[in-house]
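The structure appears below as structure tokens.
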Amino acid sequence: MRLIPMDARGLVVARHRRHVTVENDAGERHQCALLRRQLKPLVGDEVDWRRQADGKGVVTGVAPRHTVLTRIDGRGRREDVAANLTQLLVVAAPVPSPDWTLLDRYLVAAELIPVKAVIVFNKLDLVNAEPEPLQDLHKIGYRVCRTSAMLGSGLGHVATVMARERGAVVGQSGTGKSSLINALLGEQLQAVGRLTEKGRHGRHTTSAATLYRLGNGGELIDSPGVRNYAPYIESAAEIERGFREFHPHLGNCRFDDCRHLAEPDCAVKAELASGGISPRRYESYEKLYDLVATLHARPSNKGG
Ligand code: GDP
Ligand code: ZN
């Protein structure tokens, strides 16, 4: 009887165009080719792989995912960027002036995936008062870390929050995400960058998504495509679930399919009128609803 070779299990720690880097429990890394087109492993995926007769590794299967981080591609379609995350670190800063609706959009994405969202308010060296929208978000239960990547302050708190989590750092351009990631990962970054890229490119020119270990059981998934992404939202109807302060009121509107826009006897709008929901957050809801409804009404996006 011929022995069938057993496949090995591993975690995808880097995703390239035609291959992935797979790491086993012992920390050994193998480059594995992607031969079957229908297999599309992402960073964070658990995969099975096998060594072929020529010694090269190939991926043979992808384990079911718990969560998927998605973004919108250039044509407004969904693109999967990372798997099995537990956390999204949404970075904001006093400069550039915060786009609070964009921040809400990340928070909505986190609620819908679902993963925990943590707000990182960076460049603390430039302010002494906390913006009101940030206080409102804290009031509805979002965790806020205050940092200055420049001064190196607050980084310990971020690392603690990331312990035993698998997170991605996202947010508006210029808020200091690269600076924070560099500060969090420090020297190990250069080492891993060399390993996965074989010195061909510097880390900043590669688009490969990479998973880094923080040393406290925390893991950070990073790539330019993850950092500056705009999250994909499946349908306008699901956005209500992305606003956590709406939750107690959903199902209490007169109409089951209430959009909470102009319908009569809307429990969300009643809560808004009595001050229980922040007008700024409600405005974000309206904007996001509009945005997603318009996107899905475009013919090029039907069925895609
Ligand atoms: P990204 O686009 O979010 O990745 O932001 P970068 O990390 O590239 O930072 C954008 C700019 O903000 C750079 O000029 C950084 O030097 C600066 N920056 C980053 N963190 C801080 C900070 O904590 N304080 C101050 N004052 N500037 C910062
Ligand atoms: Zn309603």
Side-chain angles (χ1 to χ4, degrees), residues 71 88-99 102-103 105-106 118-128 130-131 134 144-159 167-186 189 202-207 209-210 212 220-230 236-274 276-277 279 281-286 288-290 293:
R71 68 168 196 173
L88 219 51
L89 292 121
V90 189
V91 184
V95 182
S97 164
D99 179 342
L102 180 64
L103 187 120
R105 186 170 172 173
Y106 286 111
V118 177
I119 300 164
V120 180
F121 191 60
N122 187 42
K123 306 198 190 183
L124 212 63
D125 51 287
L126 298 181
V127 281
N128 26 41
E130 195 147 285
L134 198 63
V144 180
C145 294
R146 294 158 187 87
T147 62
S148 167
M150 194 181 79
L151 302 178
S153 57
L155 297 171
H157 186 209
V158 178
V169 175
V170 298
Q172 199 178 337
S173 186
T175 50
K177 296 180 296 297
S178 315
S179 310
L180 282 167
I181 292 166
N182 283 329
L184 280 168
L185 297 179
L189 194 67
R203 187 178 151 268
H204 297 288
T205 59
T206 175
S207 62
T210 308
Y212 301 99
L220 175 63
I221 289 182
D222 183 41
S223 86
V226 172
R227 252 183 265 158
N228 291 322
Y229 89 115
E238 71 176 351
I239 296 176
E240 59 178 25
R241 286 190 294 111
F243 284 78
R244 54 168 60 181
E245 68 274 46
F246 290 13
H247 290 184
H249 315 291
L250 299 178
N252 298 340
C253 304
R254 187 204 290 186
F255 301 111
D256 285 343
D257 59 352
C258 185
R259 297 165 305 154
H260 325 301
L261 297 174
E263 292 88 344
D265 296 328
C266 167
V268 170
K269 292 205 82 170
E271 189 64 17
L272 172 71
S274 66
I277 288 173
R281 284 275 287 175
Y282 179 77
E283 199 182 303
S284 267
Y285 170 78
E286 286 179 308
L288 286 178
Y289 192 99
D290 218 45

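Below, all heavy atoms of this structure are taken into account, side chains as well, without hydrogens, waters or symmetry copies. Counting starts at 1 for both ligands and their atoms, in listed order.
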Within the structure, does Met150 bring an N/O atom to less than 3.5 angstrom of an N/O atom in ligand 1?
yes
So for ligand 1, is Lys177 a polar contact partner (N or O within less than 3.5 Å, distance only)?
yes
Contact between Leu288 and Phe243 at the side-chain level, heavy atoms closer than 4.5 Å - yes or no?
yes
Could you check whether the rings of Tyr285 and His260 sit parallel, tilted or perpendicular, using 30° and 60° as the cut-offs?
tilted
Look at atom 26 (N) of ligand 1 and find which of Ile181, Asp125, Val91 reaches it with the closest heavy atom.
Asp125
Closest to atom 23 (O) of ligand 1 (judged by heavy-atom distance), picking from Ser179, Ala149, Pro94:
Ala149
Working to the nearest 0.5 angstrom, can you tell me the gap between [X] [atom1] and [Y] [atom2]?
X: Leu180; Y: Asp222; atom1: CG; atom2: CG; value: 11.0 Å
X: Ile181; Y: Tyr212; atom1: CD1; atom2: OH; value: 8.5 Å
X: Asn252; Y: Asp265; atom1: CG; atom2: CG; value: 11.5 Å
X: Ser148; Y: Asn122; atom1: OG; atom2: CG; value: 6.0 Å
X: Glu245; Y: Glu271; atom1: CD; atom2: CD; value: 9.5 Å

Starting from [atom], locate the nearest protein heavy atom and write down its residue, its atom name and how far away it is, to 0.1 Å.
atom: atom 2 (O) of ligand 1; value: Gly174 N, 2.8 Å
atom: atom 20 (N) of ligand 1; value: Asn122 ND2, 3.2 Å
atom: atom 4 (O) of ligand 1; value: Ser178 OG, 2.6 Å
atom: atom 21 (C) of ligand 1; value: Lys123 CG, 3.6 Å

Going by a strict under-4.0 Å cutoff (protein heavy atoms only), does atom 14 (O) of ligand 1 have a neighbour on the protein?
no
What atoms in ligand 1 come closer than 4.0 Å to a heavy atom of [X]?
X: Thr175; result: 3 (O), 5 (O)
X: Leu126; result: 26 (N)
X: Gly176; result: 1 (P), 3 (O), 5 (O), 6 (P), 7 (O), 9 (O), 19 (C)
X: Ser148; result: 23 (O)

N, O or S from Cys266 under 2.8 Å to the Zn ion (ligand 2)
yes
What atom name does the N, O or S atom of His260 nearest to the Zn ion (ligand 2) carry?
ND1
Would you find a donor on one side and an acceptor on the other, under 3.5 Å apart, between the side chain of [X] and the backbone of [Y]?
X: Lys177; Y: Gln172; value: yes
X: Asp290; Y: Glu286; value: no
X: Glu238; Y: Ala236; value: no

